[in-house]
Amino acid sequence: ESIRSNRWLALFGDTLLHPRLWHLNRHSAAGGVAVGLFCGLIPGPLQMLGAAILSVILRVNLPLALFTTLYTNPLTIVPLYFVAYQIGRLVLPGPHAPFVAPPDWADQGLSVWVGQIVDWMAGLGKPLALGLGVLASTLAVLGYVAVRAAWRLYLIRAWRRRSLRRRH
């Protein structure tokens, strides 16, 4: 009801009320983690928006996708972008500019910082862009497979425990 009564969310109608966005099962959980891992590498503050849009389109668990984007934070973003840049350098032949750290948010406004991030990313060019795509896709696939495998292991253990209880 709170979604229906919210003036900003009401225009999405029943789209946000689809059961697969809110229920946890092996498909929606694995998809939510994959979407979150993929969108976590979106530059700037657009990660959760990207995860929300992809979750609605792919009908995967929305809260889990949003939560999973939090693996990127001020402590992890530079190492992740460095790895993405190195992946891009491996994939693209030729000389490339050296990796430099992104601009600090500090006390500046969001619009100034976003402009600086865009300039920083443009300076790193194609290796960073390609590396981000490859890294995001790889993390998404690995996250999907890991959640499916963990869910499967949990079910196998539960079935075995249930079987043992029935025997005794």
Side-chain angles (χ1 to χ4, degrees), residues 8-9 12 15-16 18 20-153:
W8 298 104
L9 299 177
F12 294 107
T15 303
L16 287 177
H18 195 282
R20 286 174 57 188
L21 296 177
W22 304 102
H23 292 287
L24 269 178
N25 58 47
R26 67 177 181 252
H27 303 292
S28 69
V33 167
V35 164
L37 288 172
F38 185 84
C39 292
L41 288 176
I42 293 174
L46 302 174
Q47 299 165 339
M48 286 196 178
L49 178 61
I53 291 170
L54 271 180
S55 294
V56 169
I57 291 170
L58 299 174
R59 303 263 196 244
V60 298
N61 189 277
L62 178 62
L64 191 54
L66 295 176
F67 177 76
T68 306
T69 63
L70 298 176
Y71 78 97
T72 53
N73 56 59
L75 297 175
T76 62
I77 195 68
V78 173
L80 285 167
Y81 272 46
F82 178 75
V83 168
Y85 179 77
Q86 295 303 329
I87 290 170
R89 284 186 60 199
L90 286 173
V91 174
L92 289 173
H96 304 290
F99 184 84
V100 294
D104 191 16
W105 189 327
D107 295 328
Q108 55 198 343
L110 179 64
S111 61
V112 172
W113 181 76
V114 168
Q116 290 177 350
I117 285 290
V118 169
D119 292 341
W120 172 74
M121 290 180 68
L124 294 177
K126 292 178 185 177
L128 179 62
L130 180 63
L132 283 173
V134 171
L135 182 60
S137 299
T138 302
L139 290 175
V141 168
L142 290 174
Y144 185 87
V145 170
V147 170
R148 291 294 299 256
W151 201 289
R152 178 79 178 154
L153 287 173

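Reckoned from all heavy atoms, side chains included, excluding hydrogens, waters and symmetry mates.
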*Looking only at heavy atoms, what is the nearest atom pair of Arg59 and Leu21, with distance?*
CA-CD2, 4.0 Å

*Identify the heavy atoms of Val35 and Ser55 that sit nearest to each other, and give their distance.*
CG1-OG, 3.8 Å

*With no hydrogens and no angle check, is any side-chain donor or acceptor of Thr69 less than 3.5 Å from a backbone partner on Met48?*
no

*Could you give the distance from OG1 (Thr68) to CG (Leu37), rounded to the nearest 0.5 Å?*
6.0 Å

*Give a yes or no on whether the backbone of Cys39 and the side-chain of Gln47 come within a donor-acceptor separation of less than 3.5 Å.*
no

*Rounded to the nearest 0.5 Å, how far does CG of Asn61 lie from CG of Leu66?*
9.0 Å

*If you look at every heavy atom in Leu80 and Tyr71, which pair is closest and at what distance?*
CD1-CE1, 3.7 Å

*From the options Leu58, Val56, Leu62, select the one residue that forms a side-chain contact (heavy atoms from CB on, under 4.5 Å) with Val60.*
Leu58

Which pairs would a plain distance check flag for residues 126-146, meaning a side-chain donor or acceptor within less than 3.5 Å of a matching protein atom at least two apart in sequence or in another chain?
unit_1	atom_1	unit_2	atom_2	d
Ser137	OG	Gly133	O	2.8
Thr138	OG1	Val134	O	2.7
Tyr144	OH	Arg148	NH1	3.1

